[in-house]
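Comments concern the structure below.
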Amino acid sequence: MDSEKSKVIVVMPAYNTASILKKTFDAIPRELVDEIILVDDCSTDNTKAVAEGLGIHVIRHNINKGYGATQKTGYAEALRRGADMVVMLHSDNQYDPTILGKFIEPILQGKADVVTGSRIAYGGALKGGMPIWKYTSNIFLTRVENLVLGTHLTDFHNGYRAYSAEFLKTVPFNRFSDKFDFDTDIIIQAALRKYKIAEVPHKTRYLDENSQMSFIRGIIYGLSILKTLVLYILHQSKILKNDLFERAG
């Protein structure tokens, strides 16, 4: 992929991040990014107004649809605008915008089609503030997912991502979950279709200003991941066909 001709669009899921959005926006290396799209999932604060004041293109959901649904909206719009590469960056500043270039580089160099961050590979996740229940469940789920999918990732549940447009055009992302397990659904598709996946180690950021998943929501999330894996195993075993897991071509 030619870096001089590649159009990079950042998609930012957002829900009530008005107070922190400018900090996130200001840290984005603008020389690497052509456009920014913020998908406001029916915030109850003035996230939309703050984003528009920063010159960000905003799409607002009329009802709260969920984290996965914001990605669907954002990716579809990015592709419509001619993106060659899409970076998903949370608007709440949990992930460091200054390292965005590390997510772009493997795709530009043809070394990856999908790039995901890893808090685990960097080390010190617990010292960085990651709750121990989240750390242990992440380790467990990631090991199960690697075993089932034949992958070798260290952090399946990282929300810092970059995708080539070719990849997004191939996978049926509009059929994935509207919730947090969207991130796993799309990695399953990458593994299923033999796309190249790279990881970028980075520090953990768990501050009061960042959005946090509650323990109960974490349990629901983990169970949804396990359910998806069971459906995948049943499909691969030809016990219960699921056309979502059919390879293209």
[X] side chain to [Y] backbone, donor-acceptor under 3.5 Å:
X	Y	result
Asp183	Gly159	no
Ser137	Lys134	yes
Asp113	Lys196	yes
Lys179	Gly66	no
Asn64	Cys42	no
Ser224	Tyr221	yes
Ser43	Asn16	yes
Thr47	Thr17	yes
Ser91	Leu21	no

Do the side chains of [Y] and [X] get nearer than 4.5 Å, heavy atoms only?
X	Y	result
Leu153	Ile187	yes
Tyr135	Ile139	yes
Phe180	His157	no
Tyr75	Val171	no
Leu244	Gln189	yes
Leu89	Thr24	yes
His235	Glu246	yes

Task: All side chain to side chain donor-acceptor pair (under 3.5 Å) counterparts of Arg81, not counting sequence neighbours - done: Glu35, His57, Glu77
Which pair of heavy atoms, one from [X] and one from [Y], lies closest together, and at what distance?
X	Y	result
Ala83	Ile9	CB-CD1, 3.6 Å
Val11	Gly74	CG2-O, 3.6 Å
Pro172	Arg193	CD-NH2, 3.5 Å
Ala125	Ile120	CB-CD1, 4.4 Å
Pro97	Pro29	O-CD, 3.2 Å

[X] [atom1]: over 12 foreign heavy atoms closer than 6.0 Å:
X	atom1	answer
Ile239	CD1	yes
Lys22	NZ	no
Arg175	CZ	yes

Task: Hydrophobic cluster identity match, Leu147 and Leu229, side-chain contacts under 4.5 Å - done: no
Task: Ile99 reachable from Tyr122 in the ILVMFWY side-chain graph, under 4.5 Å edges - done: no
Inter-residue atom distance [X].[atom1] - [Y].[atom2], 0.5 Å rounding:
X	Y	atom1	atom2	answer
Thr154	Asn138	OG1	CG	8.5 Å
Phe140	Ile225	CZ	CD1	12.0 Å
Ile59	Met12	CD1	CE	13.5 Å
Asp155	Glu199	CG	CD	7.0 Å
Leu149	Thr142	CG	OG1	11.0 Å
Arg30	Ile36	CZ	CD1	4.0 Å

- [ ] Evaluate the criterion side chain to side chain contact (heavy atoms under 4.5 Å, CB included) for residue pair Glu52 and Leu38; output intermediate values, then yes/no.
- [x] CA-CA 9 Å; Glu52 290 177 336; Leu38 181 139; over 6 Å; no
TODO: Test Lys203 against Asp96 for side chain to side chain contact (heavy atoms under 4.5 Å, CB included), laying out the working first.
DONE: CA-CA 8 Å; Lys203 293 182 180 179; Asp96 184 1; over 6 Å; no
Open item on the list: Would Thr151 and Phe156 count as a side chain to side chain contact (heavy atoms under 4.5 Å, CB included) here? Give the steps.
Closed with: CA-CA 10 Å; Thr151 49; Phe156 245 91; 3.4 Å; yes
TODO: Flag the pair Asp34 and Lys7 as a salt bridge only when some basic side-chain nitrogen lies within less than 4.0 angstrom of an acidic carboxylate oxygen.
DONE: no
Open item on the list: Side chains of Tyr195 and Thr170 only: does a donor on one sit below 3.5 Å from an acceptor on the other?
Closed with: yes
Task: Thr70 and Tyr15: CA distance, side-chain angles, deciding distance, side-chain hydrogen bond (donor to acceptor under 3.5 Å, both in side chains) verdict - done: CA-CA 10 Å; Thr70 63; Tyr15 180 70; over 6 Å; no
- [ ] For the pair Leu192 and Tyr232, evaluate side chain to side chain contact (heavy atoms under 4.5 Å, CB included) and give the outcome as yes or no after the intermediate values.
- [x] CA-CA 10 Å; Leu192 178 67; Tyr232 177 79; 4.0 Å; yes
Open item on the list: Please enumerate all residues that pass ring pair (Phe, Tyr, Trp, His ring centres under 6.0 Å) together with His90, with sequence neighbours excluded.
Closed with: Tyr67, Tyr95
Task: Identified side-chain contact (heavy atoms from CB on, under 4.5 Å) counterpart of Tyr160 within the set Thr116, Val115, Val87, Val200 - done: Val87
Please output the side-chain donor-acceptor pairs of residues 162-169 that fall under 3.5 Å, not counting sequence neighbours, one pair per line with the distance.
| from | atom 1 | to | atom 2 | distance (Å) |
| --- | --- | --- | --- | --- |
| Tyr163 | OH | Arg161 | NH1 | 3.0 |
| Ser164 | OG | Phe167 | N | 3.1 |

